[in-house]
Amino acid sequence: MDAFYASVELLRYPDLKGQPVVIGGGRRHEPVLREDGSREYARLRDYTGRGVTTTATYEARDLGVHSGMGLMKAAVRAPDAILLPMDFDAYRMYSRRFKAAVAELAPVIEDRGIDEIYIDLGDVPGARDAVGHDPLGGVRALAQEIKNNVRRATALSCSIGITPNKLLSKIASELDKPDGLTILTLDDIPSRIWPMSPRKINGIGPKAAARLATLGIHTVGEVAAADPAWLIEQFGRSFGAWLHEASHGRDERPVVTHSEPVSISRETTFERDLHARHDRAELGEIFTRLCVQLAGDLQRKGYLGRTVGIKLRFEGFRTVTRDLTLDLPVQDAEAIRAAAGACLKRVDLSQRLRLLGVRMGGLCRPGDVQARRRTPRPARAVAEPLPQNLTLF
DNA sequence: TCTGGGGTCCTAGGACCC
DNA sequence: TCTGGGGTCCTAGGACCC
């Protein structure tokens with residue numbers, strides 16, 4: 001989906017069409033209805049806090065505002081841009097609608113989050129009918145139908161890439177955004193893919209791209225030209241081999257239509273950094289609230305879990321995790337809170353905190369009888385000796 | 001003026017088991 | 001008396017994605 005959150009908001013506030021709009025941050029900056037019926041919107045320049053841009057309209061992107069960017073930084077680049085808070089319920093509703101619209105025409109769908117899917121057209125009648133005289137005419141028509149159906153169901157546009165595999169489709173879908181439709185064959189790889197930055201490949205992030213650049217590699221084509229043995233030397237057996245394959249557009253992953261969650265979590269970044277001692281009561285409340293929310297999520301979704309984990313982010317952004325695997329799966333807030341509390345005791349809390357999170361892994365369904373480990377776990381040595389008065393929580 | 005929240009997967013060491 | 005090999009589980013951290 002194109003600029004998904006922002007596009008959904010524009011359906012609600014059509015007067016903002018054509019303007020730089022940024023979605024992100026919290027509650028406070030809802031538009032206010034004036035007496036004459038017009039609306040007063042918050043501007044990016046008025047924002048203070050720790051929020052980030054989740055989505056920016058293409059007009060805002062032209063001003064240098066991109067998703068993931070801190071709103072305070074975005075405000076320097078586009079002070080006059082409109083700022084709207086997130087409305088996840090609305091996005092979820094539109095997400096369901098667009099996926100249902102696609103499924104009417106092509107039911108083999110892999111979920112990739114709220115605004116993205118992979119579709120397997122392999123068995124869709126029509127996609128291959130034209131093979132022989134116009135091999136791609138059939139798929140192009142089908143893709144256009146899918147786009148039409150999504151627009152009919154949601155009034156939103158999407159961009160589609162049609163290629164032999166998921167890796168290439170992900171890249172292709174971004175070649176003609178917004179409202180794009182791009183078809184690529186293996187023959188197009190040298191001309192269309194190799195000139196690109198390695199960053200365009202799903203799985204090459206900022207770190208890998210920076211390392212490639214250090215090695216003098218700035219395009220996918222240069223990765224493809226590199227000796228695979230050398231790539232493995234530089235990046236390890238698994239990632240190095242994958243880099244070689246990916247740069248040649250090779251990807252055998254199937255479209256996965258069903259998957260079970262691995263973990264469920266809740267976390268929150270505080271408006272100001274909190275100290276375990278000075279802000280003990282506040283932190284304790286937040287900690288308990290996270291556990292209660294997590295328990296609610298687990299119960300609503302019908303899972304229990306055996307591995308309770310916590311995540312702490314300190315001032316300066318250093319992140320630490322601890323987890324604890326219980327003998328039996330649990331689901332209730334009290335058990336989660338107790339296990340998470342035990343995890344917390346293993347962390348040095350002398351630095352102030354900016355984030356606290358609670359996570360449940362090792363998920364199973366209530367019916368499952370978990371084979372419980374026969375042997376009790378040995379007591380683990382505490383990694384860091386803790387300052388005496390900071391261990392209580 | 002630093003950097004959300006919800007996830008997945010990978011690596012690597014140590015414990016433990018056969 | 002200085003010592004295998006294979007496997008799983010647990011834990012911590014990090015890269016990456018939407």
- request: Could you name each residue pair satisfying side chain to side chain donor-acceptor pair (under 3.5 Å) that touches residues 9-22 of chain A, not counting sequence neighbours?
  value: A:Glu9-A:Arg12, A:Glu9-A:Tyr91, A:Arg12-A:Asp87, A:Asp15-A:Arg39, A:Asp15-A:Tyr41
query: Quick one, which residues of residues 85-92 of chain A touch DNA chain C with a heavy atom under 4.0 Å?
result: none
query: Any idea if C:dT3 is syn or anti, going by the 90°-from-0 cut?
result: syn
message: Counting runs of three or more consecutive pairs, Watson-Crick or G-U wobble, with each distance below 3.5 Å, where are the stems of DNA chain B?
response: B:5-18 with C:5-18
message: Nearest to the side chain of A:Asp323, heavy atoms from C-beta on, is which of C:dG13, C:dT11, B:dG5?
response: C:dT11
- request: Enumerate the residues from residues 202-211 of chain A whose closest heavy atom to DNA chain C is under 4.0 Å, giving them by residue number; use none for an empty result.
  value: A:Asn202, A:Gly203, A:Ile204, A:Gly205, A:Pro206, A:Lys207, A:Ala208
field: Stacking check A:Phe317 vs B:dT3 (5.5 Å / 30 deg)
entry: yes
field: Rounded distance in Å - CG (A:Leu326) to C1' (C:dT11)
entry: 14 Å
task: Ignoring backbone atoms, establish whether A:Arg359 has a side-chain N or O less than 4.0 Å from OP1 or OP2 of B:dG6.
output: no
- request: Quote, to the nearest angstrom, the C1' distance that separates C:dC16 from B:dT3.
  value: 16 Å
- prompt: For A:Phe270 and B:dG4, what is the distance between atoms CZ and C1' respectively, to the nearest whole Å?
  reply: 13 Å
statement: The correct set of residues in residues 220-234 of chain A placing a heavy atom under 4.0 Å from DNA chain B is none
- request: Would you please confirm or rule out a distance under 4.0 Å between OP1 or OP2 of B:dG5 and any side-chain N or O of A:Thr269?
  value: yes
field: Residue that, paired with A:Leu156, satisfies side-chain contact (heavy atoms from CB on, under 4.5 Å) out of A:Arg97, A:Met1, A:Arg151
entry: A:Met1
field: Between P of B:dC2 and CZ of A:Arg352, the distance in whole Å
entry: 12 Å
Protein-nucleotide distance (A:Leu312, atom CG; B:dG4, atom P), rounded to Å: 15 Å
- request: Could you list by number each residue of residues 103-115 of chain A showing a heavy-atom separation from DNA chain C of less than 4.0 Å, or answer none if no residue does?
  value: A:Arg112, A:Asp115
Whole angstrom value for the distance that separates C1' of B:dT3 from CZ of A:Arg77: 13 Å
task: Give the nucleotide from the list C:dC17, C:dC18, B:dT3 with an atom nearest to the side chain of A:Val52.
output: B:dT3
field: Lys/Arg cation over aromatic A:Phe314: A:Arg354, 6.0 Å, 45° cone
entry: no
